[in-house]
Amino acid sequence: MAGRAAPPPEATLRAWEREQARLGAGVVEEDTEEWQRDPGFAGLERVGGVDLSYIKEDETSACASLVVLSYPGMEVLYEDCRMVTVSAPYVAGFLAFREVPFLVEAVQRLQQEEPRLRPQVLLVDGNGLLHPRGFGVACHLGVLTDLPCIGVAKNLLQTDGLVRDELHREQIRSLQKEGDTFPLTGTSGRARGMALRSSNNSSRPLYISVGHRVCLETAVRLVQSCCRYRIPEPIRQADIRSREYIRKQLCSPLEVTSSGPESGKKEAELDD
DNA sequence: GCGACAG
DNA sequence: ATCTTGTCGC
């Protein structure tokens, strides 16, 4: 019973590539909102974050979470955690086919139940244009929901000649303080993303890329403005809450129909 | 051919 | 992604 999930048939991967190409035609790489052009993001009030946390024991169970935070206060206005059953295995370059269906559902649920809390932009775990076919999970989710999306990856997805070699490590060392960046330009000559040092306390950068309806410069600026620690607050909160949700699930073998007061607030700080 | 490979 | 406590440092 150990081991990884069965790899998808070659035909499935080809079909997924075609789907990415089809949807990819709809990606908008420019700012489309007024607040995006304002130096202080005046008019921006809500930023969303999404994430999936997995259960080690069960290959198919995960918790999908969507949170909406106020801007610039970073207070949690909305939280939605839900256990889901994932069907697609994880394959680098095809993350969207594993996670996006549940994220779309979460966004739709929010728009139906709390339309006033609809986020004006979504920070997504993973990449956008910084992707083998220029269509990572952030683009995928953006096109399907028509929400501005930004890809925020914690590790570099090696593609288009971009590699984690000594030169790359040297560029990382050159990032001295938060806000410092260097462009991720592939062999093709195109800037696919930006490495961003988001915290003075962590030397590890974030890899920012355009998802949908936002330009790279705006994306980097916004992510930086959402960072109290290395991980931007919206994604960090989605992450914290989804794994906390799973922890509770595992500790309660009894399925209760109605239960009242839940308490217990603990926050894991520091992400380095 | 072999290795690398977001979450 | 997940397994995992305390601990060294600013």
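Predicted model, so just to flag it, every value in this text is computed and none were measured. Below, chain A is the first sequence line, B the second, and so on; all start at residue 1.
Within the nucleic acid shown, A:Asn127 comes within 4.0 Å of at least one base atom, counting heavy atoms only. As judged by a 4.0 angstrom heavy-atom cut-off over every strand, A:Gly93 is placed among the base-contacting residues. Base contact: A:Phe94 has a heavy atom under 4.0 Å from a base atom. Across all strands, A:Val163 comes closer than 4.0 Å to no nucleic acid atom at all (heavy-atom distances).
Atom CD1 of A:Ile235 and atom P of B:dA6 are 16 Å apart (whole Å). Note: CG (A:Asp58) to P (C:dC3) measures 13 Å, nearest angstrom.
Residue ring and base: A:Tyr90 counts as stacked with B:dG7 (centre distance below 5.5 Å, interplanar angle below 30°).
Aromatic rings of A:Tyr207 and A:His168 (six-membered ring for Trp) have centroids within the 6.0 Å cut-off, being under it. Note: A:Phe135 and A:His212 fail the aromatic proximity criterion, with ring centroids not under 6.0 Å apart.
Closest non-hydrogen pair, A:Tyr78 versus A:Arg109, comes out as OH-C, 4.5 Å.
Between A:Leu44 and A:Gln36 there is no side-chain heavy-atom pair separated by less than 4.5 Å.
Among the nucleotides C:dA1, B:dA6, B:dA4, the one closest to any side-chain atom of A:Lys154 is C:dA1.
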